[in-house]
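Scope of the values below: all heavy atoms of this structure, side chains included, with no hydrogens, waters or symmetry mates. Please read these numbers as outputs of a predicted model, since none were measured by experiment. The residues of the chain are indexed from 1 along the displayed sequence.
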Amino acid sequence: MNYLAHIYLSGDNDLVTIGNFIADGIKGKQYKTYPKEIQIGILLHRHIDSYTDAHKTFRLSTKRLHEKYGHYSGVIVDILYDHFLAKNWSKYSDVPLNEYVETFYDSLEANFDILPVRIQKMMPYMLADNWLLSYASIEGISRVLNGMNRRTKNRVSMNEAVVELEAFYTEFEKEFSDFFEEVIASSKEKLELIKHQLND
């Protein structure tokens with residue numbers, strides 16, 4: 001799952017959401033240095049990643065890309081799934097996507113001091129190009145894939161994956177829809193479990 005899905009699956013607590021958002025850069029037990037609600041978000045993020053990587057529907061999506069993109073297939077499908085979440089946003093939230101992402105950006109700015117340096121440096125670009133809202137269009141996903149391709153030094157030409165997105169659009173969208181219902185349920189259950197464990 002990519003940024004938008006992780007944010008959405010965090011629920012309504014701003015700090016849990018921030019924890020989920022920053023979690024990729026928090027290794028091992030470093031999460032324990034953060035406030036409890038951010039810890040909850042980090043642990044939830046780890047669960048979502050493990051659940052996603054092992055899920056048969058997600059693997060079906062990655063298999064379609066594996067021959068060309070190898071182990072980057074999972075990264076690409078994470079991004080493609082964010083496209084389908086953004087595109088079908090009204091199915092999952094009563095809050096319009098543009099309002100939802102603005103609220104999240106406001107929360108990041110309000111909690112700027114607690115963010116890892118990597119995220120602090122990334123934020124101006126994220127806000128300037130409105131990454132989360134841009135996921136709703138194929139053009140936006142193309143820009144994201146181009147950025148990922150630059151950061152991975154063009155190892156597998158990830159920017160070309162928009163071709164597969166368009167060629168197998170219906171298949172990817174159905175797989176996302178089937179998978180996302182299940183990851184929503186799993187995340188809600190795990191969130192309550194983590195809260196209980198950390199509050200004991």
So F172 and F168, would you call those rings parallel, tilted or perpendicular, with 30° and 60° as cut-offs?
-> perpendicular
Relative to each other, are the rings of W89 and Y8 parallel, tilted or perpendicular (30° and 60° limits)?
-> perpendicular
Rounded to the nearest 0.5 Å, what separation is found between the CD1 atom of I79 and the OG atom of S142?
-> 11.0 Å
How far does CD1 of I48 sit from CD1 of I184, to the nearest 0.5 angstrom?
-> 10.5 Å
What residues, two or more places apart in sequence or in another chain, satisfy salt bridge (Lys or Arg N to Asp or Glu O under 4.0 Å) together with K63?
-> none
T52 and F179: side chain to side chain contact (heavy atoms under 4.5 Å, CB included), yes or no, with the steps?
-> CA-CA 9 Å; T52 299; F179 165 76; 3.4 Å; yes
Are more than 12 heavy atoms from other residues, nucleotides or ligands located less than 6.0 Å from atom CD of Q120?
-> yes
Are L43 and H47 close enough that some pair of their side-chain heavy atoms sits under 4.5 Å apart?
-> no
What distance do K91 atom NZ and L85 atom CG have between them, rounded to the nearest 0.5 Å?
-> 10.5 Å
Sub-3.5 Å donor-acceptor pair from the side chain of E99 to the main-chain atoms of P96, do we have one?
-> no
Does S93 reach the main-chain N or O of S90 with its side chain, forming a donor-acceptor pair under 3.5 Å?
-> no
Under 6.0 Å from the CD atom of E67, do we count more than 12 heavy atoms belonging to anything else shown?
-> no
Counterpart residues, side-chain hydrogen bond (donor to acceptor under 3.5 Å, both in side chains), relative to S61 (two or more places apart) | Y81, E175
Give, for atom CE of M148 and atom CG of D78, the distance between the pair rounded to the nearest 0.5 Å.
-> 8.5 Å
Geometric class of the F104/F21 ring pair [parallel <30°, tilted 30-60°, perpendicular >60°] | perpendicular
For Y3, does its backbone N or O pair with a side-chain atom of D82 as donor and acceptor, under 3.5 Å?
-> yes
N2 and H83: side-chain donor and acceptor closer than 3.5 Å?
-> no
Is there a donor-acceptor contact under 3.5 Å linking the side chains of N149 and E160?
-> no
Partner set under ring pair (Phe, Tyr, Trp, His ring centres under 6.0 Å) for F84, not counting sequence neighbours = Y169
Residues which pass salt bridge (Lys or Arg N to Asp or Glu O under 4.0 Å) with K190, listed by chain and number, not counting sequence neighbours | none
Find the distance between CG (L15) and NZ (K36) and round it off to the nearest 0.5 Å.
-> 13.0 Å
Residues 123-159 vs ring-ring contact (aromatic ring centres under 6.0 Å, His included), sequence neighbours excluded, gives none
Residue list, salt bridge (Lys or Arg N to Asp or Glu O under 4.0 Å) with D129, at least two apart or on another chain = none
